[in-house]
Visitor: 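First, the structure itself, so that you have it in front of you.
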Protein chains: 2
Amino acid sequence: MAKERAAVGPCTSWPEDSAFIREVLDRIGDKWTVLVLTTLGDRTLRYSDLMASIPGVSQRMLTVTLKALERDGLVARQAYAEIPPRVEYRATDLGRSLQRAVLQLSQWAVENHSAVAANRALHERVGVGRAGVKGAPEALAE
Amino acid sequence: MAKERAAVGPCTSWPEDSAFIREVLDRIGDKWTVLVLTTLGDRTLRYSDLMASIPGVSQRMLTVTLKALERDGLVARQAYAEIPPRVEYRATDLGRSLQRAVLQLSQWAVENHSAVAANRALHERVGVGRAGVKGAPEALAE
DNA sequence: CGGTATCCTGAAAGATACTG
DNA sequence: CAGTATCTTTCAGGATACCG
């Protein structure tokens, strides 16, 4: 009765979810979000701590990243009216749950980067010119 | 003996790993990689299947994405010298392991998008003007 | 059918300077 | 100390046209 498989379609997730996934990927895909989040860990750090702990980040990008994280409820900002000012950041429960999800990816990266590098090297050696059309299937490196 | 904690530093991963993590994030952070990978699933699909199954993707971006995935050994490409030509793609074992890691993130997205949306709405209502410095800590929404 | 080759634009992010 | 305000560069990705 039901059509076998109308238009192939994604298999692990539904179309209506992909928007949510895109949102998350847009956030963690940027250059600093994951670094800020993992640097934060379960600690409470000040702005200047984050600056010092994240090599290469500019004031602008750290601020932009923190604001985005705060907006999404992933980090909490606590400002104290002192002189000189003090502002502390920490991951919220939501933020820590994202940390854990990202950790899976980090572990994948650490475990598999050498395999990826090997495949890259392989593709450079065989080159685009060699990459091949054959009459019979050739077993590709896997 | 050991210094207590020299410069705060990341807590969940080591600096030397962050480069690998960035590589992965750069790949899956782009617009189409995850979509291609999850669409592929454990099936074997042709180029035109992927085009049809991924709404909005252009030939150029599909090709670019597939080439990058192939280069990294995440998908295998199989071309048949027929007329008209036929090219099939499938995720490698490495690619499927990445699918599983990404799945964690997808689940996080599905489970928590409403919480994120709520926090966003909250921050819009209180506005930048209200977001506040106080003498005593105010409990931020968490 | 399964791609390449160009051109072009908007958004991300680096550099730099200034401020409550 | 903890930001904001601009300016500039870079480049991912879309549009379009063509090819084996």
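These numbers come from a predicted model, not from an experiment.
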Visitor: Does some side-chain heavy atom of Leu105(A) sit less than 4.5 Å from a side-chain heavy atom of Leu25(B)?
Guide: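 Leu25(B) reaches Leu105(A) side chain to side chain.
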Visitor: Classify the ring geometry of Tyr89(A) against Tyr47(A): parallel below 30°, tilted from 30° to 60°, perpendicular beyond 60°.
Guide: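 Rings of Tyr89(A) and Tyr47(A): tilted, 30 to 60°.
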Visitor: Please tell me which of Pro85(A) and Lys31(A) maps to the more 5' nucleotide of DNA chain C, matching each residue to the nucleotide holding its nearest heavy atom.
Guide: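 That would be Lys31(A).
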Visitor: Atom CZ of Arg27(B) to atom P of dC11(D): distance rounded to whole Å?
Guide: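 Value for this atom pair: 15 Å.
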Visitor: Round to a whole Å and report the spacing from CG of Leu62(A) to P of dT4(D).
Guide: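 My rounded result for the distance is 11 Å.
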Visitor: Whole-Å distance between dG3(C) P and Gln78(B) CD?
Guide: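 Result: 12 Å.
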Visitor: Mind calculating the distance between CZ (Arg22(B)) and C1' (dA12(C)) to the nearest angstrom?
Guide: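 It works out to 12 Å between those atoms.
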Visitor: Using whole Å, what does the distance between atom P of nucleotide dG13(D) and atom CG of Leu66(B) come to?
Guide: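 Rounded to the whole Å, the gap is 14 Å.
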Visitor: At under 4.0 Å between heavy atoms, what does Ser58(A) touch on the DNA or RNA strands: base, sugar-phosphate, or nothing?
Guide: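 Nothing: the residue Ser58(A), judged by heavy atoms under 4.0 Å, touches no strand.
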Visitor: When the distance from CD of Glu70(A) to C1' of dA2(D) is rounded to whole Å, what number comes out?
Guide: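 Distance check: Glu70(A) CD to dA2(D) C1' gives 13 Å.
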Visitor: Check whether any side-chain N or O of Arg46(B) sits under 4.0 Å from OP1 or OP2 of dG2(C), and answer yes or no.
Guide: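 Answer yes for this pair, as a side-chain N or O of Arg46(B) is under 4.0 Å from OP1 or OP2.
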Visitor: Suppose we call a contact any N or O donor and acceptor under 3.5 Å apart; does that hold for the side chain of Arg60(B) and the base of dG13(D)?
Guide: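 Such a pair is found, so the answer is yes.
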Visitor: Using OP1 and OP2 only, check whether a side-chain N or O of Tyr89(B) sits under 4.0 Å from dG3(C).
Guide: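 So the side chain of Tyr89(B) is within the cut-off, an N or O lying under 4.0 Å from OP1 or OP2 of dG3(C).
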Visitor: Check the phosphate of dG3(D) against Lys67(A), side-chain N and O only, distance under 4.0 Å to OP1 or OP2. Yes or no?
Guide: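 Negative; the distance criterion is not met.
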Visitor: Nearest whole Å is fine: how far is dG3(D) C1' from Leu45(A) CG?
Guide: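 Whole-Å distance recorded here is 17 Å.
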Visitor: Does dG3(C) have OP1 or OP2 under 4.0 Å away from a side-chain N or O of Arg77(B)?
Guide: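 It does, given that an N or O in the side chain of Arg77(B) lies less than 4.0 Å from OP1 or OP2 of dG3(C).
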Visitor: Just how far, in rounded Å, is P of dG3(C) from CZ of Arg86(B)?
Guide: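 Spelled out: CZ on Arg86(B) to P on dG3(C) is 13 Å.
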Visitor: At what distance, to the nearest 0.5 angstrom, does CG of Leu103(A) lie from OG1 of Thr38(A)?
Guide: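 Between Leu103(A) CG and Thr38(A) OG1, I get 9.5 Å after rounding to 0.5 Å.
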Visitor: Is the shortest heavy-atom distance from the side chain of Trp108(A) to the side chain of Leu98(B) under 4.5 Å?
Guide: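 The answer is yes, as the side chains (C-beta and beyond) meet within the 4.5 Å cut-off.
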Visitor: Can you tell me how far CD1 of Ile28(B) sits from CG of Leu69(B), rounded to the nearest 0.5 angstrom?
Guide: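 These two atoms lie 11.5 Å from each other.
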Visitor: Counting just side-chain N and O atoms, does Ser48(A) come under 4.0 Å of either OP1 or OP2 of dA2(D)?
Guide: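 So the side-chain polar atoms of Ser48(A) do come within 4.0 Å of the phosphate oxygens OP1 or OP2 of dA2(D), strictly under.
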